[in-house]
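See below for the structure under consideration.
When reading the values below, keep in mind they use all heavy atoms of this one structure, side chains included, and skip hydrogens, waters and symmetry mates.
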Amino acid sequence: VRTILLAIVNGLALALYIVQKMVAKIDSRSTTVRNAEVVEEDCGQHVFLCLDAPGFSFAPGQWGLISHSSILGRLFTVAHPFTIVPGPSGSEQVRFFIKVSGKFTASLATACKSGEYPSISLEGPYGNPP
């Protein structure tokens, strides 16, 4: 009986987790890359990413999840967290300063260098500003 109850509770937790992830993906907004710059420095590569995201409001210190489309579609992309960099006030732009350090950021940098910006989805903002 105890094992069955534990299995039911775990199944419910898994179902709630899946629903939460689906709602977050559906609620994410597609953005347009306004501009992107890849900078080579002694300490590595960095991407300055500026997105047009109408209606997206945030406070300094918050972060967002960025994902770019895959062959499998929006529900199967993995979102990665990055700190939002404040831009001009009153602007509907969201900026990110990203250090290239893995497959995701390397593919983002490669796409930005080529000038063919990927389709980017933005979730958030998350975190309590200081």
Side-chain angles (χ1 to χ4, degrees):
V1 175
R2 186 174 173 196
T3 306
I4 293 172
L5 184 60
L6 185 60
I8 290 171
V9 169
N10 284 335
L12 241 116
L14 179 62
L16 288 173
Y17 174 78
I18 290 170
V19 167
Q20 185 268 334
K21 285 295 184 184
M22 289 178 69
V23 167
K25 290 289 181 187
I26 291 168
D27 191 41
S28 70
R29 61 187 79 224
S30 291
T31 62
T32 305
V33 177
R34 180 179 208 91
N35 62 14
E37 182 181 351
V38 180
V39 177
E40 303 277 345
E41 296 181 339
D42 292 336
C43 59
Q45 278 187 329
H46 294 88
V47 178
F48 293 95
L49 187 63
C50 184
L51 308 173
D52 282 329
F56 187 86
S57 60
F58 64 92
Q62 291 187 305
W63 53 276
L65 293 171
I66 294 178
S67 60
H68 59 81
S69 59
S70 71
I71 295 170
L72 298 174
R74 257 177 79 177
L75 288 178
F76 296 102
T77 59
V78 176
H80 297 266
F82 297 102
T83 301
I84 301 169
V85 178
S89 63
S91 169
E92 293 197 329
Q93 296 176 12
V94 180
R95 296 178 178 191
F96 294 92
F97 176 67
I98 301 167
K99 180 174 174 65
V100 177
S101 62
K103 290 180 185 177
F104 177 82
T105 53
S107 69
L108 184 62
T110 301
C112 291
K113 274 185 187 177
S114 72
E116 294 185 22
Y117 303 134
S119 172
I120 293 182
S121 293
L122 177 62
E123 297 175 36
Y126 297 106
N128 295 325

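- Taking a 4.5 Å side-chain heavy-atom cut-off between Ile, Leu, Val, Met, Phe, Trp and Tyr, the cluster of Leu12 extends to Ile4, Ile8.
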Test log, rule side chain to side chain contact (heavy atoms under 4.5 Å, CB included), inputs Leu108 and Phe96 | CA-CA 12 Å; Leu108 184 62; Phe96 294 92; over 6 Å; no

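- Atom OH of Tyr126 and atom CD1 of Ile84 lie 10.5 Å apart (nearest 0.5 Å).
- Closest non-hydrogen pair, Arg95 versus Cys50, comes out as CG-SG, 4.1 Å.
- Separating the OG atom in Ser67 from the CD atom in Glu123 is a distance of 6.0 Å, to the nearest 0.5 Å.
- Applying the side-chain hydrogen bond (donor to acceptor under 3.5 Å, both in side chains) criterion to Ser107, with sequence neighbours excluded, gives His68.
- No donor-acceptor pair under 3.5 Å is formed between the side chain of Glu116 and the backbone N or O of Ala111.
- The CG atom of Leu65 lies 8.0 Å from the CG atom of Leu122; values are rounded to the nearest 0.5 Å.
- Taking CZ of Phe82 as the start and OG1 of Thr105 as the end, the distance is 6.0 Å to the nearest 0.5 Å.
- Inter-residue side-chain proximity for Trp63 and Pro125 is flagged as unmet; no heavy-atom pair is nearer than 4.5 Å.
- Of all non-hydrogen atoms in Gly55 and Glu92, the two that sit nearest each other are N-OE2, 3.7 Å.
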Output side-chain donor-acceptor pairs under 3.5 Å for residues 31-40, partner residues at least two apart or in another chain, one line each.
from, atom 1, to, atom 2, distance (Å)
Thr31, OG1, Ile120, O, 3.0
Arg34, NH1, Asp52, OD1, 2.6
Arg34, NH1, Asp52, OD2, 3.1
Glu40, OE2, Gln45, NE2, 2.5
Glu40, OE2, Lys113, NZ, 3.2

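- Looking at Phe104 and Ile98, their side chains never come closer than 4.5 Å, going by heavy atoms from C-beta outward.
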Please assess Phe48 against Val85 for the test side chain to side chain contact (heavy atoms under 4.5 Å, CB included), listing each intermediate value before the final yes or no.
-> CA-CA 10 Å; Phe48 293 95; Val85 178; over 6 Å; no

